[in-house]
Amino acid sequence: MGPRSPVESRVSRRDSEDVRRKQLIDTTILVMAQVGFNATTLGLIAKQAGVSTGLVAHYFGDKDGLLEATLRSLASRLSRAAASRLRAASTPRARLQAVIDANLAPEEMDQQTGAVWLAFWGQAIHSDRLKRVQRIYQLRVLSNLRHALGQLAPPAEAERLAIIIAAIIDGLWLRTTLAASWSPSDAEAARRIAAGFVDSQLAASMEGYAMPSSPPVPAAPPLPRYPSWIGGRAAPDASAETFVTANPATGEAMAAIEIAGAAQLEAAISAARAGQRLWARMTGVERGRILRRVADILRARNDELAELETRDTGKPIQETRVVDVVSGADCLEYFAGLAGGITGESVDLGPSAMGYTRREPLGIVAGIGAWNYPLQIACWKSAPALACGNAMIFKPSELTPLTALKLGEIMTEAGVPDGVFNVLPGDGRTGGLLTAHPAIRKISLTGSVPTGKRVMAAAAETLKQVTLELGGKSPILVFEDADIENAVSGALLGNFYSAGEVCSNGTRVFVHRSIRERFLTRLLERTRKIVLGDPLDPATQMGALISEAHMEKVLGHIARGVAEGAKLLCGGERVTRGGLDRGYFVSPAIFDGCTDDQSIVREEIFGPVMAVLSFDTEEEVIARANATEFGLSAGVFTKDLARGHRVIAQLEAGTCWINTYNITPIELPFGGYKLSGLGRENSRAALDHYSQIKSVYVALTDVEAPY
Ligand code: NDP
C-alpha cells in the first residue's frame, strides 16, 4: 500500500468529472499567478490545460464561476490543514498556535499561492461571490481562535484577542508575501512574531484576573483504535496505516481506524472459507434463527447504535432512531424468515428421468458501502447474502466505518459462526483489493456511478457477479389534480431527508404550471420551518453534510445554479450560527425557474438542493423526466390513479412511488435502471443475486448408449 492520506485517496477515486475540475482549478492557479486576475481568461486556461474553452465553460459556467471555485478550493485546503493541526493539538495554547501555523504556513505564502490569494483578496470587494467565500473563511479563522482562547482568557478578552490575533495573522501574511525576496524561513519568522505577540497579549489580559477555578482540563485521551473484524474477533495490526473518522457536525475526531490491506484480506478470506463451509451446511431454518437474533439485538440496542450513526454521519437523531437501525433490523428479520424457504424445484422429465434444481450459495461475497446509510447498507447486503449461506466481507465507507464494525460484534454475539461476516475498513484501495480477489465470487456496491463502472470493470477480470446501487437524479411529477399538501410533503421528504444525501431523492420536481404558485407557496412556508442544528438534539430535523469537501461540492453546485440563471428562492448557504461553525451545515435550498439543461437539473448533487420545473402536458413531462442517464427512482402525485399507473409504466426508473416518496419497505425490490445500477436489493429478488442454481438430471432407467 502506498503512503496516501485518506484525503488524497478520496480525491483519487472521485469521478472523472471531479478530477477534471480539479485539474482546471490547478491550472487556473498557475495561470493567475503568471498573468494576474484581469488577464486570466477561460481561453487561456483552456489552452494551458490542453482542452477546449467550451469544456471549461461546461464545468464552471463563466470566468466568475471558475474563479469562485478556485477560491473555494484554496480556502477549503487551508481549513483542512487547520483542522488537521487542531486535531493534533492537545492544549488550548497549542490549538491557538495551530490556527496561526496553518495560516502562516510556507505553502500559503510561496510566490505562486501568495500571488493568487492576493489577487482574490483584491477582487473580493468587487464581487459578491468572492466576498461570500472570503467572509466564510474569515469567520472560520475567528471561530477557531475564539474557541481556543475561551480556555485561556476571560470571555470579553477572548473575543477582543481573537479579533486582534486574526488581524495580526492577516498583517504578517501580507507583509511576508509582499516581501521582495521570499523564502520559507520568512514564514517561520512570521509565526514566531505572531506567537510572541500572542503570549504577551495573553499575559497582559490575565493580569489581576484569575480564571474561574475549573478543574484542570485533562489531556485529550488517545483516540480509540479500531481494527478489522475477522473471524469473529477484532484483528489488530500494529503496523497498519490508519485514518481518522470524525463527527461532521463538530469536527471532533472519534476514532482511528486501521486500513485493511492485502494481509487482512487474506486472513478474512481464509476465515470466510472456513465459516462459510459450516454456515452453508446448516439448514435455512437454523441460519434464519441466528439472523433473527441479530435483528433482535439491533432493536434492543437501537438508541445506542442510532447515536453512534448520528455522530459518524451528522444525520439527526430524529432520523437514525426510527430509520437507520430499524430498517437494518427489518431486513435481517425478513431474510431470516425467507432463509428456510430457499429451495430449488423438482422438474418432471417423463417416466425415464427426473430433474431438480438446487439453489446454492455463491461462496464468499463482498459488500462495499457508501457513507449515507452505513448500518442499513451493511444489513441490506449481508442479510440476503447470509440467508443464502454465503460468507460476507464488508467494506464500509472510510467516512463512516463505525456501525458496520459494531454489526460485526453483534453478528458474533448472535451466534453467526466465526468468519461468516467480516468487516475490512479502508478506502478505495481496500475496495480495489476486494474486487480483484479471485476467491470472492460477487461484489455488491452502493456508491457513485464512476465507482460502479470501475468496480464492474475490475470484477470482469475474475468474472464476479455484481450488484450496483448507484446514483440518481430522479423526477417527481406533480399533476394538476394532486393533493398539494401531500405533494409538498413528498417533495420535502424526497429532497431534504438526511440533508438530501439519499440516492433515490426526487431532486427534479416537475409541477403542473396551473398549480405552480400554490405549490411553491406551501413548499417555501414549510421549508423555512425546517429545524437545522445539532444532530443529537431530538428537535433537529436537518443535520450536517458528511464532510467539508462534500459541503464545498454542494455549495459549488448551488453557485453554478445561480450562475446559470435559476432562481434561488431560499437557503443554499453554509450555516455557522449557534455553534454550528465547526460542522458542515447547509440550509435547504429551493431553485425555481429551472430549465432542463442547467447543471443543477442534470447532475446528482447529494445535498439539500431541490430544483422546481414547470410542465404543461403529460406526454411532455414523461419525456423530460426520462431525459437523463440515471434511472433510480420516480414519483407521481395525482388523484387520478389510472393516470398514476399509466405514467409510472412509462417512466424509466427501477423504484417508483404513486402519491408518496422515498418509502422503501424491505418486501419490495430496490434498484435502478440505466446508469443507476444493476441488480436489486431487498425482497425475494435479492436472493437471486446471492445464489446460483445447480441443475440435476436423475436417470430412472438404464443408460442407453449406441456404443
Ligand atoms: P463512492 O462511489 O465514492 O464510494 C462508495 C464505496 O466504494 C466506498 O466504500 C468507497 O471507499 C469505495 N470505493 C471507492 N473507489 C473504489 C474502487 N476503485 N474499488 C472498490 N471500491 C471503491 O460513493 P460515496 O461513498 O461518495 O456515496 C455517494 C454515492 O453513492 C452517490 O452517488 C449516491 O447516489 C450513491 N448511493 C447510491 C445508493 C443506492 O442504493 N442506489 C444509496 C446510497 C448512495 P471509500 O469511500 O472508503 O474511499
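First listed ligand is number 1; within each ligand, the first listed atom is number 1.
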Practice prompt. Please round to the nearest 0.5 Å and tell me the distance separating atom CE of M392 and atom CD of Q276.
Written response: 12.0 Å

Worksheet entry | Reported OG1-to-NZ distance for the pair T403 and K406, which is rounded to 0.5 angstrom | 10.0 Å

Item to complete: Can you spot which of K381, Q465, H689 makes a side-chain hydrogen bond (donor to acceptor under 3.5 Å, both in side chains) with S444?
Response: K381

Worksheet entry | For D312, salt bridge (Lys or Arg N to Asp or Glu O under 4.0 Å) partners two or more places apart | none

Discussion item. Pairs of nitrogen or oxygen atoms closer than 3.5 Å, one from D427 and one from ligand 1: do any exist?
Written reply: no

Worksheet item: Between W371 and F606, what is the ring plane arrangement, given parallel below 30°, perpendicular above 60°, and tilted in between?
Response: perpendicular

Worksheet item: Taking atom 19 (N) of ligand 1 as the point of reference, which of P374, A370, G432 owns the nearest heavy atom?
Response: G432

Practice prompt. Would you kindly say whether T467 and E681 are connected by a side-chain donor-acceptor distance under 3.5 Å?
Written response: no

Fill in: Contact check: G369 vs ligand 1, nitrogen or oxygen atoms, below 3.5 angstrom
yes

Worksheet entry | Which of the ligand 1 atoms, numbered from 1, are nearer than 4.0 Å to a heavy atom of L632 | 41 (N)

Worksheet item: Backbone, side chain, both or neither: what part of E681 comes under 4.0 angstrom of ligand 1, heavy atoms only?
Response: neither

Practice prompt. Taking all non-hydrogen atoms of both residues into account, name the closest pair between N372 and K315 and its distance.
Written response: O-NZ, 2.9 Å

Response to the item:
Note: ligand 1 atoms sitting under 4.0 Å from heavy atoms of W371 are 24 (P), 25 (O), 26 (O), 27 (O)

Item to complete: Hey, could you give me the NZ/CD1 distance between K464 and I440, rounded to the nearest 0.5 Å?
Response: 6.0 Å

Practice prompt. With heavy atoms only and a cut-off of under 4.0 Å, state how I368 meets ligand 1: side chain, backbone, both or neither.
Written response: side chain

Practice prompt. Mark up the atoms of ligand 1 that fall under 4.0 Å of a heavy atom belonging to L445, in ascending order.
Written response: 6 (C), 7 (O)

Discussion item. Test your reading of the structure: does S676 have an N or O sitting under 3.5 Å from an N or O of ligand 1?
Written reply: no

Fill in: F670: numbered ligand 1 atoms lying under 4.0 Å from its heavy atoms
40 (O)

Worksheet item: Which ligand 1 atoms are under 4.0 Å away from a heavy-atom of C503?
Response: 34 (O), 36 (N), 37 (C), 38 (C), 39 (C), 40 (O), 41 (N), 42 (C), 43 (C), 44 (C)

Fill in: Output field: ring centroids Y373/W380 closer than 6.0 Å
no

Fill in: Sub-4.0 Å heavy-atom contact, G677 with ligand 1
no

Worksheet entry | Proximal atoms of ligand 1 relative to E398 (non-hydrogen, under 4.0 Å) | 45 (P), 46 (O), 47 (O), 48 (O)

Worksheet item: Between the candidates A436, G654, S448, which shows the shortest non-hydrogen contact distance to atom 23 (O) of ligand 1?
Response: S448

Worksheet item: With respect to atom 33 (C) of ligand 1, which of F243, F606, Y373, W380 exhibits the smallest heavy-atom separation?
Response: F606

Fill in: Short N or O distance, I377 and ligand 1, threshold 3.5 Å exclusive
no

Item to complete: From atom 13 (N) of ligand 1, work out which of V502, T451, I259 has a heavy atom at the shortest distance.
Response: T451

Worksheet item: Any N/O of G428 closer than 3.5 Å to an N/O of ligand 1?
Response: yes

Fill in: For E469, side chain to side chain donor-acceptor pair (under 3.5 Å) partners two or more places apart
none

Practice prompt. Please report the closest heavy-atom contact between C331 and C379, naming both atoms and the distance.
Written response: SG-O, 3.5 Å

Worksheet item: Is there a donor-acceptor contact under 3.5 Å linking the side chains of T310 and T320?
Response: yes

Practice prompt. Return yes when A458 approaches ligand 1 closer than 4.0 angstrom through a heavy atom, no otherwise.
Written response: no

Worksheet item: Any idea which atoms of ligand 1 are less than 4.0 Å away from a heavy-atom of G471?
Response: 32 (O), 34 (O)

Worksheet item: Quick one: does ligand 1 sit under 4.0 Å from the side chain of V455, the backbone, both or neither, non-hydrogen atoms only?
Response: side chain

Discussion item. Once rounded to the nearest 0.5 Å, what's the spacing between atom OG1 of T245 and atom CG of L405?
Written reply: 10.0 Å

Worksheet item: Where is the tightest heavy-atom contact between I600 and A566, given as atom of each residue plus distance?
Response: CD1-CB, 3.8 Å

Fill in: Where ligand 1 meets G431 - atom numbers and elements under 4.0 angstrom, heavy-atom basis
19 (N), 20 (C), 21 (N)

Worksheet item: Short N/O distance, under 3.5 Å, between N372 and ligand 1?
Response: no

